[in-house]
Undergrad: 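Dropping a structure here in structure tokens format, bear with me for questions.
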Amino acid sequence: MAFALTPNTLFGRQRTGTFRKTYSVLPGFNLSLGYTLGYLTLIVLIPIAAVFLKTSELSFAEFWKVVTAPRVLASYKLSFGASMIAAAINAVFGLMLAWVLVRYSFPGKRIVDALVDLPFALPTAVAGIALTALYARNGWIGQYVEGVLGIKIAFAPAGVLVALVFIGLPFVVRTVQPILEDLETELEEAAASLGARRWQTFRYVLLPILLPALLTGFALAFARAVGEYGSVIFIAGNIPLVSEITPLIIITKLEQYDYVGATAVALVMLLFSFVLLLVINALQAWSSRSIGGSR
Amino acid sequence: MISRTSHRSTRFERNLATREAPWVKWTLLTLSLSFFALFLILPLVSVFFEALRKGWEVYLLSITEETALAAIKLTVLIAFISVPLNLVFGVAAAWLIAKHDFRGKQLLTTFIDLPFSVSPVIVGLMYMLVFGANGWFGAWLVEHDLKVIFAVPGIVLATIFVTFPFVARELIPLMQAQGRDEEEAAVVLGANGWQTFWYVTLPNVKWGLLYGVILSNARAMGEFGAVSVVSGKIRGQTNTMPLHVEILYNEYNFAAAFAVASLLALLALVTLVIKTWVEHRASSHFNATHMVPADVNTLSPRVMP
């Protein structure tokens with residue numbers, strides 16, 4: 001990033017990224033390696049391994065039957081569909097908000113900037129009951145949307161969408177914002193001097209530069225939304241086949257002491273998250289490359 | 001993130017090439033700020049409004065009632081145990097990754113990020129499989145009369161998992177950006193490892209460290225999904241504040257539910273205030289000591305799921 005030209009990172013870059021072990025005069029390698037690996041194994045790796053081992057108690061046919069039951073399929077459709085739409089809404093409004101925060105001045109800008117992170121800091125259960133109160137039939141928003149327009153949001157699939165939009169917004173803003181701030185005005189000046197209109201400059205100069213970050217933000221918001229539980233269950237109504245999300249299926253199975261079934265569904269979600277994690281890593285690598293290239 | 005200009009027009013607005021027509025600017029401002037108000041401000045305001053709907057007396061009664069106090073105590077205890085453990089881990093992992101080169105570093109970094117991509121519900125489930133009555137260590141735990149699931153240790157473990165990467169994620173890029181020269185100089189001059197860390201590295205990363213601690217504290221106190229699976233929700237014993245909110249809400253005791261929720265919302269607001277302050281301090285500290293142009297990128301809030 002912007003530090004690429006300081007001597008520190010230049011020196012660091014030459015040495016990292018190779019596979020041979022380079023000698024470092026700094027102590028603590030064995031201690032920190034041992035501690036990190038031990039703690040990681042204990043807290044993260046063993047529990048994750050438990051999911052895979054528990055699922056292996058099922059034959060593949062049984063596993064397939066559990067993870068493709070109609071109620072489970074309906075929950076995938078809702079979880080993944082609503083997450084996708086919510087992430088798309090966040091990509092549009094998140095880009096707009098990042099743009100406004102970087103490019104314009106307006107009263108209260110610092111407060112808006114600080115509050116963008118609210119969904120990270122506000123416990124999901126609190127967000128869930130607040131959104132439900134707002135969108136219920138007698139709520140501040142619900143009384144107009146449901147009472148006047150007749151569109152049901154709380155206790156319906158639309159409620160899931162609202163909750164997922166809430167929790168995903170900062171991901172897009174916070175990935176796009178630094179890129180926008182680092183952007184050199186020379187690019188736009190060159191485009192303008194060559195006769196590009198403002199929209200053309202945005203479409204053909206800025207958007208391609210922002211795209212990797214925007215997609216990263218989209219993917220992060222999507223990944224978070226798929227696994228979200230706390231903010232959704234209050235507002236969703238949790239009607240089987242209609243507004244039941246996949247994490248709730250896992251909880252329901254657990255409450256019926258169906259550990260194997262719960263684990264099978266969890267495995268599907270875990271595998272999906274791992275794939276998404278790889279995609280996000282690739283997107284981030286692309287993002288830092290394309291920013292480096294634009295310099 | 002701290003904007004460098006507040007009420008004066010930004011450099012973009014003064015430059016003809018980077019300026020939009022006024023109607024475009026106002027449309028963008030109106031759309032994005034309405035969206036912001038609708039999705040972020042309104043829910044926040046409604047928490048406090050609903051909490052005080054039945055007056056201060058009900059509010060105070062709801063948060064000083066016995067089970068509410070027990071929930072508050074438990075929540076503080078959980079954060080008090082899990083945050084320091086993850087702090088030590090975060091420092092060790094950052095020291096390892098930022099100050100040493102070794103095979104498999106990239107893989108290790110991915111593993112450290114892994115907890116971010118696991119659904120909280122699955123976190124709870126995983127600990128059930130390991131420590132539950134029918135789990136791997138279930139029989140052994142029963143034999144020794146130890147309780148993990150449906151007890152405080154289970155809640156602590158689930159909380160540690162969900163807040164696992166925060167400190168490490170915050171420190172690694174910061175320590176990488178600062179390089180190794182200062183530490184190497186300290187070692188060459190005869191400092192031992194702890195002295196180097198304590199007097200050279202720590203002062204350089206203290207703001208990032210504080211930032212990671214604040215974020216993991218907020219998440220630790222507010223975690224719902226993972227904790228709800230392993231807690232058993234025994235009132236007065238294994239009920240954390242978010243779980244207490246859920247129980248009250250499901251009992252249609254809305255005023256009390258929102259009263260406890262408002263405490264959590266206050267915690268969130270305090271977190272954001274400290275975070276903004278820390279970022280401000282971090283960027284001025286960094287500019288002063290390193291004499292490089294302000295770069296929000298290195299110190300900006302990284303995306304924290």
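Letters go in sequence order (proteins before strands), and every chain restarts at 1.
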Undergrad: Could you tell me whether the side chain of B/E184 and the main chain of A/L26 form a donor-acceptor pair under 3.5 Å?
TA: no
Undergrad: Need one label for A/F202: side chain, backbone, both or neither, based on atoms under 4.5 Å from any heavy atom in chain B.
TA: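 Neither part; nothing is under 4.5 Å.
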Undergrad: Is B/F164 in contact with chain A via its backbone, its side chain, both, or neither, using a 4.5 Å heavy-atom distance?
TA: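 It is the side chain, since no backbone atom gets that close.
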Undergrad: Got a second to check how far B/L125's CG is from A/L254's CG, nearest 0.5 Å?
TA: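 Going from the CG atom of B/L125 to the CG atom of A/L254 covers 5.0 Å.
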Undergrad: With a 4.5 angstrom heavy-atom cut-off, which part of B/L269 approaches chain A: side chain, backbone, both or neither?
TA: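 Only the side chain of B/L269 comes within 4.5 Å of chain A.
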Undergrad: Report the option among A/I167, A/L118, A/T201, A/V265 that has the most heavy-atom pairs separated by less than 4.5 Å from atoms of chain B.
TA: A/L118
Undergrad: Which heavy atom of A/A121 sits nearest to which heavy atom of B/A218, and what is that distance?
TA: O-CB, 4.3 Å
Undergrad: Which atoms form the tightest heavy-atom contact between A/P119 and B/L40, and what is the distance?
TA: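 Scanning both residues, the minimum pair turns out to be CG-CD2, 3.5 Å.
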Undergrad: Any side-chain heavy atom of B/V24 sitting closer than 4.5 Å to one from A/W199?
TA: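 B/V24 does not reach A/W199 side chain to side chain.
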Undergrad: Looking at B/K25, B/M241, B/E246, which has the largest count of heavy-atom pairs under 4.5 Å with chain A?
TA: B/K25
Undergrad: Would a 4.5 Å heavy-atom cut-off, applied to side chains only, mark B/E13 and A/S105 as touching?
TA: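 Side chain of B/E13 against side chain of A/S105, heavy atoms only: contact under 4.5 Å found.
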Undergrad: Output the option from A/E188, A/E255, A/R103, A/K54 having the highest count of non-hydrogen pairs under 4.5 Å with chain B.
TA: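 Between A/E188, A/E255, A/R103, A/K54, the count favours A/R103.
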Undergrad: Using the ring pair (Phe, Tyr, Trp, His ring centres under 6.0 Å) criterion, which residues pair with A/W140? Sequence neighbours excluded.
TA: B/F49
Undergrad: Check whether B/M128 gets within reach of chain A through its side chain, its backbone, both or neither, counting any heavy atom under 4.5 Å.
TA: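 Contact with chain A involves the side chain of B/M128 alone.
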Undergrad: With a 4.5 angstrom heavy-atom cut-off, which part of A/L206 approaches chain B: side chain, backbone, both or neither?
TA: neither
Undergrad: Considering heavy atoms only, which positions within residues 272-280 of chain A lie below 4.5 Å of chain B?
TA: A/S273, A/F274, A/L277
Undergrad: Looking at chain A, which one of B/L85, B/V130, B/L243 has the largest number of heavy-atom pairs inside 4.5 Å, strictly under?
TA: B/L85
Undergrad: Quick check on A/V162 against chain B: is it the side chain, the backbone, both or neither that has a heavy atom closer than 4.5 Å?
TA: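 Both parts, heavy atoms under 4.5 Å.
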Undergrad: How far apart are the C-alpha atoms of B/F224 and A/V126, what are their side-chain angles, what is the distance that settles it, and do they pass the side-chain contact (heavy atoms from CB on, under 4.5 Å) test?
TA: CA-CA 10 Å; B/F224 177 73; A/V126 178; over 6 Å; no
Undergrad: Return the CG to CG distance between A/D117 and B/L215, rounded to the nearest 0.5 Å.
TA: 8.0 Å
Undergrad: Anything under 3.5 Å between a donor and an acceptor, one on a side chain of residues 112-122 of chain B, the other on a protein residue two or more places apart or in another chain? List them.
TA:
unit_1: B/D113; atom_1: OD1; unit_2: B/R169; atom_2: NE; d: 2.9
unit_1: B/D113; atom_1: OD2; unit_2: B/R169; atom_2: NH2; d: 3.3
unit_1: B/S117; atom_1: OG; unit_2: B/L114; atom_2: O; d: 2.9
unit_1: B/S119; atom_1: OG; unit_2: A/G227; atom_2: O; d: 2.7

Undergrad: Just verifying a value: how many Å separate A/Y259 OH and B/L129 CG, rounded to the nearest 0.5 Å?
TA: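 Between A/Y259 OH and B/L129 CG, I get 8.5 Å after rounding to 0.5 Å.
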Undergrad: Are B/F39 and A/F166 close enough that their ring centres sit under 6.0 Å apart?
TA: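 Ring-ring flag for B/F39/A/F166: false, centres at least 6.0 Å apart.
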Undergrad: Only pairs of heavy atoms separated by less than 4.5 Å count here; which of B/T271, B/V187, B/L264 has the most with chain A?
TA: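 Between B/T271, B/V187, B/L264, the count favours B/L264.
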Undergrad: When only pairs under 4.5 Å are counted, which of A/R198, A/M269, A/E189 shares the most heavy-atom pairs with chain B?
TA: A/R198
Undergrad: If you count heavy-atom pairs under 4.5 Å between each of B/L42, B/I41, B/N217 and chain A, which one has the most?
TA: B/L42
Undergrad: With a cut-off of 3.5 Å and sequence neighbours excluded, list every side-chain donor-acceptor pair involving residues 32-52 of chain A.
TA:
unit_1: A/S32; atom_1: OG; unit_2: A/G28; atom_2: O; d: 2.6
unit_1: A/S32; atom_1: OG; unit_2: A/F29; atom_2: O; d: 3.3
unit_1: A/T36; atom_1: OG1; unit_2: A/S32; atom_2: O; d: 2.6
unit_1: A/Y39; atom_1: OH; unit_2: B/N86; atom_2: OD1; d: 2.8
unit_1: A/T41; atom_1: OG1; unit_2: A/L37; atom_2: O; d: 2.5

Undergrad: Check each atom of B/V88 against the heavy atoms of chain A and say whether the ones under 4.5 Å are side chain, backbone, both or neither.
TA: both
Undergrad: Under a 4.5 Å heavy-atom cut-off, does chain A meet the side chain of B/F161, its backbone, both or neither?
TA: both
Undergrad: Does any backbone or side-chain atom of A/L31 lie under 4.5 Å from a heavy atom of chain B? Answer side chain, backbone, both or neither.
TA: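 When you check distances to chain B, only side chain atoms of A/L31 fall under 4.5 Å.
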Undergrad: Between B/F35 and A/N90, is there a side-chain heavy-atom distance shorter than 4.5 Å?
TA: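 Result yes, sub-4.5 Å side-chain heavy-atom pair found.
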Undergrad: Using non-hydrogen atoms and a 4.5 Å limit, figure out which bit of B/L267 sits close to chain A: side chain, backbone, both or neither.
TA: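 It is neither, since no heavy atom gets under 4.5 Å.
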Undergrad: Which answer fits A/V92, side chain, backbone, both or neither, if we ask what part of it has an atom under 4.5 Å from a heavy atom of chain B?
TA: neither
Undergrad: Which region of B/S228, side chain (C-beta onward) or backbone (N, CA, C, O), has a non-hydrogen atom less than 4.5 Å from a non-hydrogen atom of chain A, or is it both or neither?
TA: side chain
Undergrad: Taking side chain as C-beta onward, heavy atoms only, is A/Y104 less than 4.5 Å from B/L28?
TA: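 Result yes, sub-4.5 Å side-chain heavy-atom pair found.
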Undergrad: List the atom of B/L38, the atom of A/Y135, and the distance in Å for their closest heavy-atom pair.
TA: CG-OH, 4.2 Å
Undergrad: Might you point out which heavy atoms bring B/V47 and A/A130 nearest each other, and give the distance in Å?
TA: CG2-CB, 3.5 Å
Undergrad: What is the distance from atom CG of A/N281 to atom CD of B/Q106, rounded to the nearest 0.5 Å?
TA: 7.0 Å
Undergrad: Which atom pair, heavy atoms only, marks the closest approach of B/G225 to A/Y229?
TA: CA-CD2, 3.6 Å
Undergrad: Of the backbone (N, CA, C, O) and the side chain (C-beta and beyond), which part of B/E50 lies under 4.5 Å from a heavy atom of chain A, both, or neither?
TA: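 The answer is the side chain of B/E50.
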Undergrad: At a 4.5 Å cut-off on heavy atoms, which part of A/L267 comes close to chain B: side chain, backbone, both, or neither?
TA: neither
Undergrad: Considering only heavy atoms, which portion of A/V116 lies under 4.5 Å from any heavy atom of chain B: side chain, backbone, both, or neither?
TA: both
Undergrad: Give, as side chain, backbone, both or neither, the part of B/F36 having an atom under 4.5 angstrom from any heavy atom of chain A.
TA: side chain
Undergrad: Could you have a look at A/L131, A/T124, A/L270, A/V173 and say which one has the most heavy-atom pairs with chain B under 4.5 angstrom?
TA: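 Maximum pair count with chain B is reached by A/L270.
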Undergrad: Identify the heavy atoms of A/A125 and B/P242 that sit nearest to each other, and give their distance.
TA: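 Between these two residues, the closest heavy atoms are CB-O, 4.2 Å.
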Undergrad: Please tell me if the side chains of B/E20 and A/W99 come closer than 4.5 Å, counting only heavy atoms from C-beta onward.
TA: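 When only atoms from C-beta onward are counted, A/W99 and B/E20 do touch, with a gap below 4.5 Å.
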Undergrad: What part of B/L108 lies closer than 4.5 angstrom to a heavy atom of chain A: side chain, backbone, both or neither?
TA: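 Answer is side chain: those atoms of B/L108 sit under 4.5 Å from chain A.
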Undergrad: For each of A/L122, A/T185, A/L95, A/I129, tally heavy-atom pairs with chain B at distances under 4.5 Å, and name the one with the top tally.
TA: A/I129
